[in-house]
Amino acid sequence: MPIAHTNPATGELVRRFDAMDDAALAARLDAAQQAAADWAERTLAERCSLLIRVAALLRERRDDLARLVTIEMGKLIGEAEGEIDKCAWVCEHYAEHAAAYLADEAIASDATRSLIACRPLGPVLAVMPWNFPFWQVFRCAAPALAAGNPVLLKHASNVPGCALAVEGLLRDAGAPDGVFATLLIEADRVEAVIAHPAVRAVSLTGSDAAGRKVAAAAGAHLKKTVLELGGSDAFVVLDDADLDRAADMAVTSRFMNAGQSCIAAKRFIVLDAVEADFMERLRAGIEALRPGDPAHRETTLAPMARADLRDDLHAQVQVSMDAGAVLAMGGQPLDRPGFFYAPTLLEHVSPGMPAYDDELFGPVAAVIDAADEEEALRIANDSRFGLGGSVWTRDAARGEAFARRMQCGCAFVNGMVKSDPRLPFGGIGDLGYGRELSRLGIREFVNQQTLWVA
Ligand code: NDP
């Protein structure tokens, strides 16, 4: 994929970027390797003060950064502003909590003193996607930097401006040379980067195809990986749910970011008893969406980020319809410039359809009928992806019992699945493995050293 900025709202190519040549790439890898020992030796307080300065710069530059996100990948301006705020939050969160998260853990043994001590691992390669072009990077980089690891960013080729802006933030906040670098390279050069001795671990968020390739390359070089790949989250509406709230959250969760979120609700599993009432509300919510220029605040549905992603989504919708899904709304690209797809509702979705089996990464809600709670649970768990899921019921205990049986990494009761720096984020199955955020996230890329003193 060419490294280029194309405005998703107009389809116009704004700027092409030259990929780094081999010498420039090697210089950045060497710089990371050289910086690693010094960064590891800095006190935790020094490393955390960098994060505090980055957070301050994110807030100071919020408007410009949000505008950049909007014109580069098409996100609604209000959502882009929220994304920048959340990046500042995750930096501050780790600045405040890294000491506790990384603290020695005493363990009683035959030693006078034995414990787990967290030591830095070395440079982490972050292979990141375009859908949250700042958040995905900071979710990985803030804990890695606090833990004492330099970060090398290979960002998606359609968000080079964001990739360079992140590097600028770190530089202006005073990150020492080599502690953070953006690698403007194509995907086919990532394997060589993984092989480089500077790189000690890899974190990838993206498609399962990319995840498999990167994990295979990292495995060949015995480097640790954390993978956050696709999701096809279930959104289960039980017969005692608050239907107004559930439908409201269903529309928000499915259509924010034009449906391009790993934790968007994608499969709506609705008990027969409330299906008619829920669907009426869901249809009304979808009908009210207003596609348009994402820079305008009255717009409520953004374009998709790239033409190929929109075309792939359309093919999935068509194949699902050929297999018997009923199109209730939308179902085609919008007839206007840019990469817009009509807000779409597919009903009576069943196994064997892409809308049931695969991830629909765009503004398409798939509704699956379920006779009762047990069938709803079976369908919710009938997915190769295991990222998140939510269940809606007025009975919190019933909801929690249901959520505990959901086969996914993040189960929510009466709330849309979201990430939060305080809570672990990740999943099972084809979603990948490992956890981001919270104490678990910062401990992924450290050497948890056993210390034994007689
Ligand atoms: P990709 O997985 O192709 O891209 C994600 C990142 O991985 C980008 O930086 C990309 O670089 C890089 N990459 C791609 N292939 C390789 C490779 N072989 N080796 C190393 N790095 C690689 O996702 P797409 O943008 O093409 O989106 C396709 C689908 O992936 C979506 O429709 C969605 O289903 C899923 N996806 C999931 C996301 C999530 O949040 N879980 C985020 C984005 C996508 P480059 O851009 O240069 O190709």
Side-chain angles (χ1 to χ4, degrees), residues 1-6 8 17 19-20 72-75 83 125-137 139-140 152-160 162-163 166 182-195 199 202-218 220 225-233 256-264 266 304-317 339 341 354-355 357-364 384-388 409-410 417-419 425-427 429-434 436:
M1 205 178 313
I3 302 175
H5 165 196
T6 300
F17 291 68
M20 280 173 178
E72 203 162 58
M73 61 66 66
K75 192 185 300 272
E83 179 173 340
L125 172 66
V127 182
M128 291 294 140
W130 43 266
N131 58 340
F132 293 87
F134 279 76
W135 170 245
Q136 305 278 25
V137 176
R139 185 173 76 186
C140 169
L152 293 157
L153 170 64
K154 166 10 193 170
H155 217 327
S157 292
N158 56 322
V159 288
C162 293
V166 175
T182 282
L183 311 176
L184 273 192
I185 56 169
E186 306 85 349
D188 60 6
R189 294 166 74 194
V190 169
E191 200 172 330
V193 173
I194 292 170
V199 172
V202 188
S203 178
L204 179 136
T205 299
S207 62
D208 62 336
R212 285 172 207 278
K213 292 212 174 99
V214 162
T225 45
V226 166
L227 301 177
E228 204 267 274
L229 311 175
S232 188
D233 288 9
M256 71 176 287
N257 209 24
Q260 304 165 117
S261 167
C262 49
I263 45 170
K266 296 188 180 116
M304 292 184 64
R306 300 194 315 248
D308 64 306
L309 295 164
R310 182 197 56 188
D311 297 345
D312 290 350
L313 178 75
H314 187 47
Q316 289 176 306
V317 168
F339 310 139
Y341 197 76
D357 299 328
D358 301 327
E359 179 177 36
L360 295 192
F361 214 62
V364 179
R384 63 192 175 93
F385 303 106
L387 176 53
C410 312
V417 182
K418 60 178 195 252
S419 59
F425 184 83
D430 285 1
L431 172 279
Y433 46 77
E436 296 192 273

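Counting starts at 1 for both ligands and their atoms, following the listed order.
- Looking at atom 14 (C) of ligand 1, its nearest protein heavy atom turns out to be A210 CB, 3.6 Å.
- Of the possible donor and acceptor atoms, none in the side chain of S232 sits under 3.5 Å from a partner among the backbone N and O of F385.
- Each of the following atoms of ligand 1 lies closer than 4.0 Å to a heavy atom of H155: 9 (O).
- A donor-acceptor pair is defined here as one N or O able to donate and one able to accept, closer than 3.5 Å; no such pair exists between the side chain of N257 and the backbone of F132.
- Of the candidates L184, V127, V159, it is V127 that places a heavy atom closest to atom 7 (O) of ligand 1.
- With salt bridges taken as basic N to acidic carboxylate O contacts below 4.0 Å, none links K213 and D188.
- At a 4.0 Å heavy-atom cut-off, ligand 1 touches L309 through the side chain alone.
- Contact record, M128 with C140: CE-CB, 4.0 Å, taken as the closest heavy-atom pair.
- At least one side-chain heavy atom of L204 sits less than 4.5 Å from a side-chain heavy atom of L229.
- Between H5 and N158 there is no side-chain heavy-atom pair separated by less than 4.5 Å.
- Residues T182 and L184 are in side-chain contact: their nearest non-hydrogen atoms beyond the backbone lie under 4.5 Å apart.
- Between P363 and M304 there is a side-chain heavy-atom pair separated by less than 4.5 Å.
- Listed by atom number, the atoms of ligand 1 under 4.0 Å from S157 heavy atoms are 45 (P), 46 (O), 47 (O).
- Under a 4.0 Å heavy-atom criterion, Q260 is not in contact with ligand 1.
- For ligand 1, one of its N or O atoms has an N or O atom of N131 under 3.5 Å away.
- Between the E186 side chain and the A19 main chain, no donor and acceptor come within less than 3.5 Å of each other.
- In this structure, the side chains of V193 and V202 stay at 4.5 Å or more apart for every pair of heavy atoms.
- Counting heavy atoms only, A187 comes closest to atom 22 (C) of ligand 1 of the residues A187, A305, A156, S207.
- Distances below 4.0 Å separate heavy atoms of Q136 from the following atoms of ligand 1: 40 (O).
- Considering only heavy atoms from C-beta on, R189 stays 4.5 Å or farther from L183 through its side chain.
- Of all the atoms in ligand 1, the ones that sit under 4.0 Å from a non-hydrogen atom of E228 are 41 (N).
- Contact between R306 and ligand 1 is present, with at least one heavy atom of the residue lying under 4.0 Å from the ligand.
- With ligand atoms numbered from 1 in the order given, ligand 1 contributes 18 (N) to contacts under 4.0 Å with heavy atoms of K213.
- Any N or O atom pair closer than 3.5 Å counts here, and E359 shares at least one such pair with ligand 1.
- Looking at ligand 1, you won't find any N or O of V190 less than 3.5 Å from one of its N or O atoms.
- Against a heavy-atom cut-off of under 4.0 Å, M1 is close to the following atoms of ligand 1: 48 (O).
- Atom OG of S203 and atom CZ of R139 lie 8.0 Å apart (nearest 0.5 Å).
- Taking any N or O of K154, backbone or side chain, at least one lies under 3.5 Å from an N or O belonging to ligand 1.
- Contact annotation for W130 and ligand 1: only side-chain heavy atoms (C-beta onward) come within less than 4.0 Å of the ligand.
- Checking G230, G206, P129 against atom 37 (C) of ligand 1, the nearest heavy atom belongs to G206.
- The only option from L431, D357, D208 that meets the side chain to side chain contact (heavy atoms under 4.5 Å, CB included) definition with R384 turns out to be D208.
- For atom 4 (O) of ligand 1, no protein heavy-atom neighbour is present inside the 4.0 Å cut-off.
- Listed by atom number, the atoms of ligand 1 under 4.0 Å from L229 heavy atoms are 41 (N).
- Residue-to-ligand polar distances keep F361 apart from ligand 1: every N/O pair is separated by 3.5 Å or more.
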